[in-house]
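For reference, the structure is listed below as C-alpha cells.
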Amino acid sequence: MIEEGGAPEPPRRRRRRRASENAGDRGILSVFDGRRPGVKWSTRVIHAVLLVVLIVVGLGPLLWLAKSAITPTVDTLRTPMALFPHGVDWANLSTAWSTVHIDVQFVNTIWVAAGSWAAQIIVATTAGYALSVLRPAYGKVLYGLILTTLFVPSVVLLVPLYLTILNPPLLGQSLINTFWAVWLPAGASAFNVVLVKRFFDNLPREVFEAARTDGAGPFRLFWSIVLPMSKPILGVVSVFAIIAAWKDYLWPLLVLRDPALQPLSVRLPTLQAAIQLDVYLAALAISTLIPIALFLVFQGLFLRSAGLGGAVKG
C-alpha cells in the first residue's frame, strides 16, 4: 500500500487500517488474535468440544429413540446403550402404524396442526396488517389490549375458554369433539400478532404509498405487496404454530374426548400401558417425523440472522 507521498505504508498502520475496516464484523477475538498459533488452536479445540457436546445433548436422544424403535424390548431393557445386540426388529414400525392404529392419530395430528397453522396465520397477518399498515384511529388502544393478554397465564383461561367451546355464542351447538375446538382458540395468539406487527412496521412505507398511488386498495395491498415481502416472518410463525400444535397435550385432551379424533400427543400416553415397550418407542419415533422435517426445511430461517432480525427489530 502506497501513501500519498509515495512512501510505502508501514505494516503497523496497515494492520490498524484493516482492523478498523473489519471492526463491524469483529467478535470476541480480533482478526489478529485469531491468527496467533496459541489462540487459534485453543479456539478450535473449544469449538470442537462444544460441537460434540451439542450433538450428544441435542441429537443423542433422537438417535437413541430411532435405534430403540427397531430394537426388541429385551435388548432395550437389558442393554439400552448397545447397538443392536440381537439384530433389528423392523416389525415394530409396522405394528405401531397398523396394529396399534398410530396411523389414525398421525392423520389427526396433521389435521390439528394444519388447522391451527391456518388460523394463526390468518389472524396474525390480518391483525398485524391492520395495526401496522392501515393504522386505524383505535389501533393503539387495541394493540395495548393485545399486549395485556400476554401477561395473563394460559392456565387461567382454560375454564372460560372451555365453557365458551362447550356453549359457543350465536352457534347454539357445542364444538366439543370437533377439530374447530382446537383450531379457533389457536388463532387467538397475541404473541404471533405482536411478532407480525413488529415485522410489518419495518417494511418500507414508500412501497405502500406507491401502491396506493397506482390505485391498489387495502386488500390488493395486503395480498400483492405485504404478504410477498413477509416470507421470513410467515415461515417463523408457521414453524412455531405447527410445533406448538404438534406437542400440545392439555387442551386437545379436554376438547377431543373421542379416541378416534385424538392426536398423537394425547393418544400415546394412553396407549403406553397397553402395548409393548418396543412398539411404543416405535410410535414415539413416528411422531417425531414431522417436527424433524419442519426443522430441516426451515432451518435457514433460524440460522440466518436476517430471518428473525426484521421480526424483532425495533
Heavy-atom closest pair, residues Lys231 and Pro228: CG-O, 3.7 Å

Step-by-step side-chain contact (heavy atoms from CB on, under 4.5 Å) determination, Met81 to Trp64: CA-CA 8 Å; Met81 303 306 296; Trp64 184 88; 4.0 Å; yes

Leu157 reachable from Ile165 in the ILVMFWY side-chain graph, under 4.5 Å edges: no

Any donor-acceptor N/O pair, Ser94 side chain to Ala91 backbone, under 3.5 Å: yes

Side-chain donor/acceptor of Thr288 to backbone N/O of Ala285, under 3.5 Å: yes

Approximate separation, where rounding is to 0.5 Å, of Thr149 OG1 and Leu145 CG: 8.5 Å

Side chain to side chain contact (heavy atoms under 4.5 Å, CB included), paired with Ile102, selected from Val107, Ile275, Leu264: Leu264

Which atom of Ala260 lies closest to which atom of Val104, heavy atoms considered: O-CG1, 3.9 Å

Flag side-chain contact, heavy atom, 4.5 Å: Trp246 against Thr109: yes

Check: Asp278 main-chain N/O paired with Thr73 side-chain donor or acceptor under 3.5 Å: yes

Minimal non-hydrogen separation, Ala96 against Ile286, with atom names: CB-CD1, 4.4 Å

Enclosure of Trp117 CH2 (heavy-atom neighbours >12, cutoff 6.0 Å): no

Test log, rule side-chain contact (heavy atoms from CB on, under 4.5 Å), inputs Val266 and Leu256: CA-CA 9 Å; Val266 177; Leu256 298 178; over 6 Å; no

Side chain Asn167, main chain Leu163, donor-acceptor under 3.5 Å: no

Gln272 side chain to Tyr280 backbone, donor-acceptor under 3.5 Å: no

Separation between OG1 of Thr76 and CD1 of Ile70, rounded to the nearest 0.5 Å: 10.5 Å

Trace of the side-chain contact (heavy atoms from CB on, under 4.5 Å) decision for Leu261 with Trp111: CA-CA 10 Å; Leu261 297 175; Trp111 275 110; over 6 Å; no

Hydrophobic cluster membership, Leu150 vs Leu142, 4.5 Å side-chain cutoff: yes

Identified ring pair (Phe, Tyr, Trp, His ring centres under 6.0 Å) counterpart of Tyr129 within the set Phe199, Phe222, Phe208: Phe222

Thr126 side chain to Val123 backbone, donor-acceptor under 3.5 Å: yes

side-chain contact (heavy atoms from CB on, under 4.5 Å) evaluation trace for Leu281 with Leu284: CA-CA 5 Å; Leu281 293 175; Leu284 290 178; 4.1 Å; yes

Gap separating the OG1 atom of Thr95 from the CH2 atom of Trp90, nearest 0.5 angstrom: 13.5 Å

Under 3.5 Å donor-acceptor, Asn177 side chain and Asp258 backbone: yes

Trp223 with Val226, same ILVMFWY side-chain cluster at under 4.5 Å: yes

Minimal non-hydrogen separation, Val182 against Trp251, with atom names: CA-NE1, 4.0 Å

Joint hydrophobic cluster, Ile233 plus Leu134, side-chain heavy atoms closer than 4.5 Å: yes

Neighbour count >12 (heavy atoms, 6.0 Å) for atom CZ, Arg78: no

Exercise: identify the closest heavy-atom pair between Ala282 and Asn92: CB-O, 3.6 Å

Student check: side-chain heavy atoms of Lys67 and Leu83 closer than 4.5 Å: yes

Mutual orientation of the aromatic rings belonging to Trp180 and Trp183 [parallel < 30°, tilted 30-60°, perpendicular > 60°]: perpendicular

Spatial distance of atom OH (Tyr249) from atom CZ (Arg267) [nearest 0.5 Å]: 11.5 Å

Nearest heavy-atom neighbours spanning Ile121 and Leu234: CD1-O, 4.1 Å

Linked, directly or transitively: Ile122 and Phe200 (ILVMFWY side chains, under 4.5 Å): no

